[in-house]
Amino acid sequence: MRISWVTDGKSSPSYVEYGTSPGRYDSTAQGESTSYSYLFYSSGKIHHTVIGPLESNTVYFYRCGGEGPEFQLKTPPAEFPVAFAVAGDLGQTGWTKSTLDHIDECKYDVHLLPGDLSYADYIQHRWDTFGELVQPLASARPWMVTQGNHEMENIPLIKDGFQSYNARWKMPYEESGSSSNLYYSFEVAGIHLIMLGSYTDYDEYSEQYNWLKADLSKVDRSRTPWLIVLFHAPWYNSNYAHQGEGDGMMQAMEPLLYAAGVDIVFAGHVHAYERSKRVNGGKPDHCGAVHITIGDGGNREGLAHRYKDPPPEWSVFREASFGHGELKVVNSSHAFWSWHRNDDDEPVRSDQLWMTSLKSSGCLAEKKHSLRKILMAP
């Protein structure tokens, strides 16, 4: 597990003490630190320390830099069942707080965030206030994120994009063979998860595309029967907001994801909720992925209320409201998805679905030849 924190003191050390009893730290891990300047802003010292190896499904108590408060985290289980909280486009509003409070009530192991975190939008101290806002949850469970358009913050000729995001939210990209923090993969229990970048090159000659091909070729569906992908700009979207913005990436990468038998795709960007049937190439397909847009965590830009009517044949449920989703992967063949509006109590579900994995449905056997063909292509 990587622990990240920020200190004002430039001399603060980057180590984490940890153990399985409160106040008793049997182990210490040394990490690294970085900082950045952005126009007139200078960040604090940003520390990243990997602790472990850790036991699965275990509560650890830890302290950062030899001082300050004790935190506790729970590691995810090594086998099914496993639960994910999913919410994108969070921001820092009253609605954000309501979403986080609801997520805090649900029993989850990992938080998945498909882009648009702080809505700092060039005002760097908002990255600090966002860290303070999410700390109670992000210090206790892994937060696995990918970038959105609000993380870019590039100024032509002066600042490259994603400087603040890359400095603060370091994901396990090196561990998954990626050369960029903007795309990577990881595994939880029997699930292989791939985080892709909507705002870095994705065509078939790009580093990201080649990395994705290599990553998919290593997936062993007997060990990780579920395959889930996250990125920011949705490919299937019947809302008028951000219409067509994911089309280029979809054209390049959907054949790859379809051949690999991806079960679920989560996206953000559109500030409303929408769930598709299993779909591919714009049409319902029982061997395609379920696409879920969940870019409605609570940001200041408000909700996207205008949908196209009638809805496309692939669209099952759509609703403009703030909230979060929960994915409970029960075993190698079944998972339960539910969507929870902030307007309701957390236990209320306004959309839900039991789904079976493509591995258990026989679809993967049908795709073996096409996957091999795509993966072997130069």
Side-chain angles (χ1 to χ4, degrees), residues 80-82 84 86 112 114 185 189-194 196 212-213 215-217 219-231 233-239 246-247 249-267 270 273-294 307-319 325-339 349-375 377:
F80 300 124
V82 61
F84 299 89
V86 193
L112 302 175
S185 66
I191 306 151
H192 188 88
L193 294 108
I194 298 175
L196 296 175
L212 175 59
K213 253 176 45 166
D215 192 72
L216 289 171
S217 69
V219 176
D220 175 0
R221 294 299 274 275
S222 59
R223 200 170 59 79
T224 52
W226 290 89
L227 184 52
I228 296 174
V229 172
L230 281 85
F231 46 77
W235 296 353
Y236 288 88
N237 168 31
S238 67
N239 197 296
D247 288 359
M249 188 183 187
M250 178 179 176
Q251 194 175 351
M253 290 184 162
E254 190 178 37
L256 204 48
L257 300 194
Y258 181 72
V262 170
D263 288 289
I264 309 168
V265 173
F266 290 111
V270 176
Y273 171 78
E274 184 164 20
R275 173 172 64 83
S276 80
K277 297 175 180 172
R278 287 200 175 277
V279 62
N280 179 58
K283 295 187 174 64
D285 184 322
H286 73 283
C287 289
V290 174
H291 284 252
I292 297 172
T293 300
I294 192 141
Y307 283 101
K308 293 181 161 190
D309 279 319
E313 58 176 334
W314 50 258
S315 182
V316 181
F317 187 98
R318 51 191 197 171
E319 167 180 288
E326 295 171 28
L327 178 69
K328 292 179 177 142
V329 185
V330 181
N331 53 34
S332 62
S333 59
H334 286 80
F336 182 70
W337 167 256
S338 54
W339 153 245
R349 304 184 287 256
S350 52
D351 181 39
Q352 60 188 53
L353 169 74
W354 275 102
M355 59 180 96
T356 49
S357 64
L358 293 180
K359 167 88 167 74
S360 66
S361 72
C363 281
L364 297 187
E366 294 173 32
K367 294 178 175 190
K368 249 183 183 156
H369 178 67
S370 57
L371 179 60
R372 195 175 297 123
K373 199 171 161 188
I374 284 184
L375 293 181

(request) Work out which heavy atom in A289 is nearest to a heavy atom in V265; give both atom names and the distance. (result) CB-CG2, 4.0 Å
(message) Can you confirm whether I292 sits close enough to Y273 that some side-chain heavy atom of one is under 4.5 Å from a side-chain heavy atom of the other?
(response) yes
(message) Quick check for you: to the nearest 0.5 Å, what is the distance between S185 atom OG and I194 atom CD1?
(response) 6.0 Å
(request) Give the intermediate values and the outcome of salt bridge (Lys or Arg N to Asp or Glu O under 4.0 Å) for residues D309 and R318. (result) CA-CA 12 Å; D309 279 319; R318 51 191 197 171; 2.7 Å; yes
(message) Between K283 and E313 (side chain of the first, backbone of the second, donor and acceptor by atom type, cut-off under 3.5 Å), is there such a pair?
(response) no
(message) Any non-hydrogen side-chain atom of E254 less than 4.5 Å from a side-chain atom of Y236?
(response) yes
(message) So M249 and L196, do their side chains get closer than 4.5 Å, heavy atoms only?
(response) yes
(request) Would you confirm whether K213, through its side chain, and A377, through its main-chain N or O, come within 3.5 Å as a donor-acceptor pair? (result) yes
(message) Consider side-chain contact (heavy atoms from CB on, under 4.5 Å). Of V229, I228, L358, which one does V262 pass it with?
(response) V229
(request) Might you point out which heavy atoms bring L216 and A260 nearest each other, and give the distance in Å? (result) CD2-CB, 3.8 Å
(message) Between T224 and R221 (side chain of the first, backbone of the second, donor and acceptor by atom type, cut-off under 3.5 Å), is there such a pair?
(response) no
(message) So that I can tick it off, tell me whether D263 and K359 are bridged by a salt bridge, with the cut-off set at under 4.0 angstrom between side-chain N and carboxylate O.
(response) no
(request) Flag the pair S238 / W314 as yes when at least one side-chain heavy-atom distance between them is below 4.5 Å, and no otherwise. (result) yes
(message) Cation-pi check for F84 against K328: NZ or CZ below 6.0 Å from the six-membered ring centre and within 45 degrees of the axis, yes or no?
(response) no
(request) Could you tell me the separation between the OG atom of S333 and the CZ atom of F80, rounded to the nearest 0.5 Å? (result) 9.0 Å
(request) Look only at the side chain of R275 and the backbone of L353, and say whether a donor-acceptor pair between them is shorter than 3.5 Å. (result) no
(message) Can you tell me how far apart CG (L375) and CG (L256) are? Round to the nearest 0.5 Å.
(response) 6.5 Å
(request) Rounded to the nearest 0.5 Å, what's the gap from CG on N237 to CE on M250? Could you check? (result) 11.0 Å
(message) Under a 3.5 Å distance rule, please check whether W235 uses its side chain to pair with a backbone N or O of A267 as donor and acceptor.
(response) no
(request) Kindly compute the distance separating SG (C363) from CZ (R278), expressed to the nearest 0.5 Å. (result) 7.5 Å
(request) Measure the CG-CH2 distance between N331 and W226 for me, rounded to the nearest 0.5 Å. (result) 8.0 Å
